[in-house]
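What follows is a short report on a single structure.
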Amino acid sequence: MITFTRALRHTALLLPLALLAPQATAQDGAVHSAPQALQTGDETPWIYIDSDVPRDKEWLWGAMDNGLRYATRKNGVPPNQISIRVRIDAGSLHERDSERGFAHLLEHLSFRESKYLGQGEAIPTWQRLGATFGSDTNAETSPTHTVYKLDLPNATPAKIEESFKLISGMMREPVLSTENLAAEVPIVLAEKRERGGPAVRVGDKSRETYFAGQLLGVRSPIGTEETLIGATAPAMQAFHDRWYRPENTVISVAGDFDPMQFAALIEKYFGDWQGKGPLTPAPDFGDPVAPAGADPDNPIGEVVAMVEPDLQRTFSYVYLRPWRQVKDTVEYNEGRLADSLAIAIVQRRLEARARAGGSFLYADIRDSKVSRSANLTSISFTPLSADWRTALAEVRGIIADATMTPPTQEEIDREAAEYDSIFVSLVEQRAVMAGSGLADEVVDAVDIREAVAAPETFLEVFRGMKDKVTPQEILERTRNLLKGNVIRAAYVTPAIGEATDADVKAALQQEVVPATDARLAAKSISFDELPPIGEPGTIISQRPLGILGIERIEFANGTRALLWSNGAEPGRVSVRMRFGAGLRAFSEDQAAYISLGESALVGSGQGELGQEELDRITTGRVMGFNVEITDSEFVFAAQTRGADLDDQLYLFANKLSDPRWDPNPVLRSKAAQSLSYAGYATSPGAVLQRDLEYYVTDQDGRYKTADTDDLAAATPQSFREVWAPLLEQGDIEIVIFGDFDQPRTVETLRKTLGALPPRKPVPVSALVSVPAFPDAGSDTIVREHRGDANQAAAVVAWPTGGGVAGLPESRQLEILVSLFNNRLIDTMRERAGASYSPTVFSNWPVDLSSGGRITALAQLKPEDVPVFFAAADSIAQDLAANPPGADELARATEPLKQQITRASTGNLFWLYQIQGSSANPSRLYSLRSLRSDYSETTPERMQALAARYLASRPGWRMAIIPEGQELVTNVRDIPPAPVTALPPQTTGR
């Protein structure tokens with residue numbers, strides 16, 4: 001699916017920074033009364049009570065007399081944005097039996113209508129302020145909280161104050177009327193329906209098993225159909241009065257504004273808020289308890305075996321311990337970090353066995369705190385065959401050995417180096433931490449009842465403890481992590497009769513044989529030991545690109561580099577290397593090798609480096625190696641840092657100069673894709689993921705998801721035969737933007753990519769290949785899924801274009817798509833109550849002459865598929881026949897303008913815009929119009945584009961319906977949807 005964010009990457013053109021800078025700062029404006037509730041001087045901030053963790057002094061902390069607590073801080077990432085989070089300490093665990101789903105439903109109702117916002121006014125109001133629907137304005141409901149989120153761009157004092165006012169009305173006085181319930185309950189039921197299916201059934205049953213006897217086992221945030229339909233206005237008001245009160249509220253704000261003013265606004269709009277009646281204590285969430293008679297040394301409790309024909313085998317078991325609030329001290333955090341090292345050592349041993357040909361495909365071990373209901377250690381794995389008992393014995397044997405023998409110091413040092421690099425990177429990048437993430441951190445800390453800390457504190461605490469950690473201590477911590485009050489398990493299999501509950505319990509009661517061969521021997525390796533790529537290359541051209549200080553370099557072998565060293569993001573370097581022809585390079589019968597390449601190409605190794613050696617040589621480094629296959633090129637991409645950039649470039653070059661062809665990663669990837677393929681049939685959304693690209697490209701085999709027959713026919717030898725020549729084809733463009741030593745990097749490029757032999761040309765047949773689009777008037781494609789009988793999906797698509805010359809028009813299409821999206825949501829979600837999240841998006845391939853399209857899709861009930869088709873056609877025709885109004889157009893353009901403004905503050909934005917220009921300078925020609933193309937238009941321009949692309953031919957259609965049903969063609973009547981108002985939407989869990 002192409003979202004606007006991804007579409008930005010394809011636009012290929014840049015704006016000078018000055019053109020993107022906002023015209024006013026958020027610092028100017030009204031001054032409010034000084035906040036009275038700040039905790040200053042020697043007073044311990046509320047979040048640090050009973051903690052000796054050093055305070056993050058960039059936060060201001062306040063505790064008001066009515067019980068509301070807050071945190072505010074200055075943050076300029078991105079500039080002129082503020083991020084507000086309002087956390088209510090009430091989630092699904094706070095519901096009574098008759099209230100299941102009320103916390104989430106109340107989240108929806110709070111957006112629908114409140115004291116200062118009429119029905120359906122919340123989202124349009126913030127759209128006019130530049131906030132993007134669904135991402136900047138959102139909410140979530142979990143078992144333990146409900147959080148309301150606003151990221152407000154281009155913030156001015158007036159906009160900020162208005163936002164605090166509106167949010168206060170939503171929290172304090174939502175309108176919980178029978179009318180609003182009648183409108184919102186169908187939307188929540190649509191969300192529940194769309195999230196159903198086998199995976200949800202497994203999740204629900206697993207949760208019920210793991211947390212048997214606790215509220216968490218029977219409290220899904222989405223609720224039940226019975227309780228949602230039965231919700232009444234008085235019942236919703238009672239739930240609100242019980243939990244929405246200042247004592248249960250924490251507000252965190254981070255943004256490009258005076259934090260004292262944030263605090264003042266919080267106190268102004270929430271200071272006189274008083275709860276109704278006495279404070280209701282939170283319910284007892286319960287503790288995990290073993291059943292009577294369980295073996296104290298191996299306390300096996302509830303287990304379940306589930307049959308889901310379209311899901312791959314998965315076995316999970318958990319050690320559960322009671323959750324207790326802790327004193328978040330330095331000593332406690334040192335212990336948690338030591339626990340993390342212990343888990344990491346076991347995880348690496350499990351992965352090593354899976355790579356070496358174990359009886360399981362993947363295995364995972366984690367230590368977590370779940371919804372203030374349990375501390376648990378979970379182990380899950382995917383058996384390669386129906387012999388799940390052997391896989392279980394092998395996994396348990398590896399884990400058992402970790403509880404009997406201390407790890408080597410080398411194993412500890414290896415994992416410690418990984419953590420150290422993470423914490424160092426956090427310190428380096430502190431200046432570019434986004435305000436939205438910082439505001440979320442406070443919410444997360446409150447949820448688990450712990451404190452927050454600056455990156456320097458993480459690093460200091462870790463380095464203070466790692467040298468004190470001994471193999472014996474790691475052994476003891478491993479043992480403690482693999483104990484519990486009770487052990488519970490769930491096994492999912494596609495085969496009837498393969499396992500029963502009794503079989504699972506019996507297998508867990510079997511004696512475990514420790515796998516003493518699971519320990520990993522030390523194999524130190526260094527980049528200094530690796531052979532050179534070749535003779536250093538010759539630079540034949542080195543000159544400024546003429547934009548933003550970017551330098552363009554060309555080597556004698558045809559490699560081109562675009563370098564921009566800057567301090568915008570300290571500690572970060574973005575690298576993106578492009579070559580070849582991408583999907584165009586494959587024949588239609590090679591689909592399996594496309595997906596296998598994405599997952600196995602890196603793992604198959606290079607030169608002297610296999611999978612294990614690649615892991616070891618990058619230990620303690622910030623390096624990456626992502627393989628992307630686009631319509632038009634192959635991409636190696638990484639996020640690294642200046643200190644590791646030289647070796648990152650060596651890895652990229654060495655992969656091309658001396659690829660290795662280890663068959664194991666290919667075989668493992670084949671197994672993974674084969675085992676998961678049936679899962680594509682489990683829901684309409686999964687079928688869309690599997691089939692949409694294939695059918696909308698007129699059944700082009702290169703866009704087909706490889707099925708089990710395709711994968712069975714694929715071999716490691718053929719993998720090599722397909723990929724080896726592709727790695728040799730096409731000139732290379734490397735783009736490096738970020739915090740690095742540019743002269744040094746130029747020399748490194750001479751020794752790496754510049755030292756490669758000249759590249760072979762891409763065949764002309766591949767260069768001229770473009771994806772097709774089905775003929776006008778094609779029959780509706782109907783596909784079936786094997787999920788719930790009340791689930792369906794529908795798609796309508798129209799072809800557009802491609803290429804650099806059409807970039808200005810492609811940007812205007814984004815505005816048209818936004819108009820279409822707003823109207824479709826209004827029709828399908830609000831007026832019809834048929835779909836939770838319809839969406840419209842545009843894709844315009846810059847490097848291809850055609851292949852773009854506008855796509856509208858929705859998940860809905862089978863009987864509403866024709867409603868969707870009719871609505872999409874009607875909106876398309878109306879946009880072509882009638883120009884949009886000024887307000888409707890403003891709600892589409894302002895969020896797009898703000899997205900551009902915010903995105904332009906990061907190097908990745910510039911990297912995606914500038915890539916490709918070393919070979920095609922015309923990508924830069926429409927530079928100065930980028931912002932205006934996305935944010936300035938006329939009603940007549942939108943009408944003309946709709947007439948050209950939406951009304952000139954019928955939309956191509958696809959429907960995904962339940963297996964055994966017929967496609968419904970009769971359209972039920974729905975009220976007409978006005979185009980002047982947009983209903984609210986939130987997302988919840």
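Only a predicted model underlies this, so the values are computations on that prediction, with no experimental measurement involved. Numbers here simply count residues along the sequence, with the first being 1.
- For N480 (side chain) and E476 (main-chain N/O), a donor-acceptor pair under 3.5 Å exists by modelled atom type.
- With hydrogens and angles ignored, the 3.5 Å screen pairs no side-chain donor or acceptor of K369 with any backbone N or O of N375.
- In this structure, the salt bridge (Lys or Arg N to Asp or Glu O under 4.0 Å) partners of R519, at least two apart in sequence or on a different chain, are D401.
- Under a 4.0 Å N-O distance rule, the pair R616/E612 qualifies as a salt bridge.
- Exactly one residue among D615, D644, D420 makes a salt bridge (Lys or Arg N to Asp or Glu O under 4.0 Å) with R621. That residue is D644.
- Using a cut-off of 4.0 Å between Lys/Arg side-chain N and Asp/Glu carboxylate O, E473 and R477 are scored as salt-bridged.
- A side-chain N or O of Q429 and one of R572 form a donor-acceptor pair less than 3.5 Å apart.
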Donor-acceptor contacts, no H, no angles, side chain residues 734-741, under 3.5 Å, sequence neighbours left out:
unit_1	atom_1	unit_2	atom_2	d
D739	OD2	G571	N	2.9
D741	OD1	R744	N	3.2

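- Salt-bridge check for R353 with D517: passed, with a basic side-chain N closer than 4.0 Å to an acidic carboxylate O.
- The residues R576 and E633 are annotated as not salt-bridged, no charged nitrogen and carboxylate oxygen being separated by less than 4.0 angstrom.
- Taking the charged nitrogens against the carboxylate oxygens, D731 and R759 have no contact shorter than 4.0 Å, which rules out a salt bridge.
- The CG atom of L645 sits 10.0 Å away from the OG atom of S565 when rounded to the nearest 0.5 Å.
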Stepwise side chain to side chain donor-acceptor pair (under 3.5 Å) check, Q742 with E551: CA-CA 9 Å; Q742 190 152 322; E551 187 173 40; 2.9 Å; yes

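- Applying the ring-ring contact (aromatic ring centres under 6.0 Å, His included) rule to W323 yields no partners; only residues at least two apart in sequence or on another chain are considered.
- Between the side chain of K751 and the backbone N or O of I533 there is no donor-acceptor pair closer than 3.5 Å.
- S676 places a side-chain N or O within 3.5 Å of a backbone atom of Q673 that can act as its donor or acceptor partner.
- Using a 4.0 Å cut-off between a side-chain N of Lys or Arg and a carboxylate O of Asp or Glu, R366 and D364 qualify as a salt bridge.
- Side chains of Q717 and E721: a donor-acceptor N/O pair is present below 3.5 angstrom, by distance only.
- Between R348 and E411 there is no side-chain heavy-atom pair separated by less than 4.5 Å.
- Between D413 and K466 there is no salt bridge, since no side-chain N of the basic residue sits under 4.0 Å from a carboxylate O of the acidic one.
- Distance check: I487 CD1 to I379 CD1 gives 8.5 Å after rounding to the nearest 0.5 Å.
- Qualifying ring-ring contact (aromatic ring centres under 6.0 Å, His included) partners for F360, counting only residues two or more places apart in sequence or in other chains: none.
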Verdict with reasoning, E418 to R414, per salt bridge (charged side-chain N to carboxylate O under 4.0 Å, His left out): CA-CA 7 Å; E418 291 286 290; R414 184 178 182 183; over 6 Å; no

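- Ion pairing between a basic and an acidic side chain is recognised when a charged N comes within 4.0 Å of a carboxylate O; E608 and R660 show no such pairing.
- Within the 3.5 Å criterion, the main-chain N or O of D528 finds a donor-acceptor partner in the side chain of S526.
- The residues R430 and D56 are annotated as salt-bridged, a charged nitrogen and a carboxylate oxygen being separated by less than 4.0 angstrom.
- Below 30°, between 30° and 60°, or above 60°: for W388 and F315 the angle between ring planes is below 30°, a parallel geometry.
- Between T748 and D646, the side chains place a donor N or O and an acceptor N or O closer than 3.5 Å (distance only, hydrogens not considered).
- Nearest heavy-atom pair across L337 and F423 is CD2-CZ, 3.9 Å.
- Scanning for ring-ring contact (aromatic ring centres under 6.0 Å, His included) contacts around F579 gives F634, F636, with sequence neighbours left out.
- When the side chain to side chain contact (heavy atoms under 4.5 Å, CB included) test is applied to Y677, the partners found at least two apart in sequence or on another chain are Y680, R690, T705, D707, T708.
- Between R349 and E394 there is no salt bridge, since no side-chain nitrogen of the basic residue lies less than 4.0 Å from a carboxylate oxygen of the acidic one.
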